[in-house]
Amino acid sequence: MDKIIITVLGKDTVGIIAKVCTYLAEKGVNIEDISQTIVQDYFNMMMIADISRSSCSFAQIVTDLDALGEEIGVRIKCQKEEIFTKMHRI
């Protein structure tokens, strides 16, 4: 499997989850785990996804999610799981 970590942060608005998940589904990305919280008016979501069957490269997904985030007013960051794990290892 080729796993990625996607984080979404920003002001809460209607449709953030729907737009991100719709994009991922259209590209053949399988969401394996998802967690989201809203603290006051701020939205925070973290996803673990598998891109091994995606129709797009990792680089294209990163670029597309960055553009989608700008479009909907949130920051979307995407990184490979192994890099995320190494960065957060104590």
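Numbers for residues simply follow the sequence, beginning at 1. Everything numeric in this text was worked out from a predicted model, so none of it was measured.
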*So do Lys3 and Glu32 actually touch side chain to side chain, heavy atoms under 4.5 Å?*
yes
_Sub-4.5 Å side-chain heavy-atom contact between Thr13 and Phe43_ =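 Thr13 does not reach Phe43 side chain to side chain.
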*asked:* Through direct or indirect side-chain contacts below 4.5 angstrom among Ile, Leu, Val, Met, Phe, Trp and Tyr, which residues connect to Tyr42?
replied: none
*asked:* If hydrophobic residues (ILVMFWY) are linked whenever their side-chain heavy atoms come closer than 4.5 Å, directly or via other members, who joins Val39 in its cluster?
replied: none
*Got a sec, which residues hit salt bridge (charged side-chain N to carboxylate O under 4.0 Å, His left out) with Lys11, two or more places apart in sequence or on another chain?*
Asp41
Any idea which heavy atoms bring [X] and [Y] closest together, and the distance?
X     : Y     : result
Gln36 : Ile38 : OE1-CG1, 4.0 Å
Phe58 : Gln79 : CZ-CA, 3.8 Å
Ile4  : Cys78 : CD1-SG, 3.6 Å

Test of understanding: with side chain to side chain contact (heavy atoms under 4.5 Å, CB included), list the residues that count as partners of [X], not counting sequence neighbours.
X     : value
Leu9  : Asn44
Val74 : Val8, Ile16, Ile72, Ile76
Glu70 : Asp66

*Given side-chain contact (heavy atoms from CB on, under 4.5 Å), test Ile6 with Lys77 step by step and report yes or no.*
CA-CA 6 Å; Ile6 302 167; Lys77 295 298 174 192; over 6 Å; no
Please say yes or no: joined through hydrophobic side-chain contacts below 4.5 Å, possibly via intermediate residues, are [X] and [Y] part of one cluster?
X     : Y     : result
Met46 : Ile51 : no
Leu65 : Ile17 : yes
Met47 : Ile5  : no

Using atom types as modelled, flag every donor-acceptor pair under 3.5 Å from a side chain in residues 19-31 to any protein atom, sequence neighbours excluded.
residue: Thr22; atom: OG1; partner: Ala18; partner atom: O; Å: 2.6
residue: Tyr23; atom: OH; partner: Asp64; partner atom: OD2; Å: 2.8

